[in-house]
Chemist: 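Provided herewith is a single structure, encoded as structure tokens, for subsequent inquiry.
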Amino acid sequence: MKRICVYCGSKSGNRPEYLKAAEELGKTLALNGLGLVYGGGNSGMMGKLSSTVMANGGEVIGVIPRALHEREISGPELSEIHVVGNIHERKAWMMELADGFIAMPGGLGTFEEFFEVLNWSKLRLHDKPYGLLDSCHYFSKLMELLDHIEHEGFLSPNHTATIHIDETPHELVQKITKHPTWK
Ligand code: AMP
């Protein structure tokens with residue numbers, strides 16, 4: 001089974017559209033037969049996304065560091081949960097298990113994870129496709145920042161163009177699964 005790793009908030013954000021987008025992405029993954037790899041938590045966007053995939057008969061693999069696992073209140077059963085030693089192992093596992101990556105609205109953890117995917121692609125350590133689910137234009141300032149970084153000469157021209165971006169889960173998943181390196 002092909003899998004997409006989704007990075008998203010452990011909080012829900014201030015707009016109902018964010019949780020709605022997590023729900024829509026969850027349905028899109030399950031209905032397209034794509035497994036979900038995610039951080040294994042059950043709060044906020046992560047909880048809504050994973051429970052929606054499970055409720056729609058999809059596959060969910062959670063990868064969570066031991067310390068966080070002990071703190072989480074148990075949520076709906078997942079297909080698999082990998083408890084790992086630390087956050088570095090978790091990011092490596094999530095990248096390994098997935099065939100592509102999506103970041104949704106989230107906080108520092110989400111940005112850390114997405115930047116690692118982006119930077120490792122720049123370093124040619126992986127060639128898997130990735131994209132941003134741009135609910136309520138959440139990522140427009142990030143795209144501006146990346147353009148600024150390119151413009152100022154700290155990032156090769158056109159690297160930002162490798163990021164798929166769409167407001168609609170269905171369209172974004174289509175873009176990722178049609179990417180030339182989606183195997
Ligand atoms: P944040 O965007 O700061 O809320 O962090 C969310 C991202 O970091 C997710 O994609 C997870 O992989 C990871 N993460 C942060 N907090 C948790 C948590 N309480 N449980 C599981 N994963 C978490």
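Just so it is clear, the model here is predicted, and its values are computed rather than measured. In listed order, ligands and their atoms are each counted from 1.
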Chemist: Of all the atoms in ligand 1, which lie at a distance below 4.0 Å from a heavy atom belonging to G106?
Modeler: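 The list of qualifying atoms is 2 (O).
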Chemist: For ligand 1, find out whether one of its N or O atoms is nearer than 3.5 Å to an N or O atom of M46.
Modeler: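 No, there is no polar N/O contact under 3.5 Å.
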Chemist: Restricting to non-hydrogen atoms, name the atom on L142 and the atom on F111 that form the minimum distance, rounded to 0.1 Å.
Modeler: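 Closest approach of L142 to F111, heavy atoms only: CD2-CE2, 3.9 Å.
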Chemist: Do side-chain atoms of S79 reach the backbone of I61 as a donor and acceptor pair under 3.5 angstrom?
Modeler: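 Such a contact is absent between S79 side chain and I61 backbone.
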Chemist: As an exercise, identify every atom of ligand 1 less than 4.0 angstrom from a heavy atom of G41.
Modeler: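 In order of number, 20 (N), 21 (C).
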Chemist: Measuring only between side-chain heavy atoms, which start at C-beta, is L49 closer than 4.5 Å to L25?
Modeler: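 Of all side-chain heavy-atom pairs linking L25 with L49, at least one is under 4.5 Å.
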Chemist: Judging by distance only, is a nitrogen or oxygen of K11 under 3.5 angstrom from one on ligand 1?
Modeler: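 No: no nitrogen or oxygen of K11 is under 3.5 Å from one in ligand 1.
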Chemist: For atom 19 (N) of ligand 1, grab the closest protein heavy atom and report residue, atom and distance to one decimal in Å.
Modeler: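 The closest one turns out to be E72 OE2, 2.8 Å.
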Chemist: For ligand 1, find out whether one of its N or O atoms is nearer than 3.5 Å to an N or O atom of E113.
Modeler: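 There is such a contact, yes.
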Chemist: Give every residue pair that meets the salt bridge (charged side-chain N to carboxylate O under 4.0 Å, His left out) criterion with at least one member in residues 127-138, sequence neighbours excluded.
Modeler: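 Listed by first then second residue: D127-K183.
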Chemist: Nearest to atom 3 (O) of ligand 1, what protein heavy atom do you find, and at what distance?
Modeler: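 The answer is G109 N, 2.8 Å.
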Chemist: Looking only at protein heavy atoms, identify the closest one to atom 6 (C) of ligand 1 and say how far it is in Å.
Modeler: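 Result: C8 O, 3.1 Å.
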Chemist: For residues 158-170, tabulate all N or O donor-acceptor pairs below 3.5 Å that involve a side-chain atom, not counting sequence neighbours.
Modeler:
unit_1, atom_1, unit_2, atom_2, d
T160, OG1, E150, OE2, 2.7
T162, OG1, Y130, OH, 2.6
T162, OG1, H159, O, 2.6
H164, NE2, H179, ND1, 2.8
D166, OD1, T168, N, 3.0
D166, OD1, T168, OG1, 3.4
D166, OD2, K175, NZ, 2.8

Chemist: About how many Å separate NZ of K91 and CH2 of W120, when rounded to the nearest 0.5 Å?
Modeler: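 Going from CH2 on W120 over to NZ on K91, the span is 8.0 Å.
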Chemist: Within the structure, is a non-hydrogen atom of G9 found at a distance of less than 4.0 Å from ligand 1?
Modeler: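 Judged by the 4.0 Å heavy-atom criterion, G9 does count as contacting ligand 1.
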Chemist: Do any nitrogen or oxygen atoms of Y7 lie less than 3.5 angstrom from nitrogen or oxygen atoms of ligand 1?
Modeler: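 In this structure, Y7 places no N or O atom under 3.5 Å from an N or O of ligand 1.
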Chemist: Closest heavy-atom contact between M94 and Y38?
Modeler: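 For M94 and Y38, the tightest heavy-atom pair comes out as CE-C, 3.4 Å.
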Chemist: For N42 and S50: C-alpha separation, side-chain torsions, deciding distance, then whether side chain to side chain contact (heavy atoms under 4.5 Å, CB included) applies.
Modeler: CA-CA 8 Å; N42 47 47; S50 56; 5.6 Å; no
Chemist: Looking at non-hydrogen atoms alone, which of R90, M104, K91 comes nearest to atom 13 (C) of ligand 1?
Modeler: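 Nearest heavy atom to atom 13 (C) of ligand 1 lies in R90.
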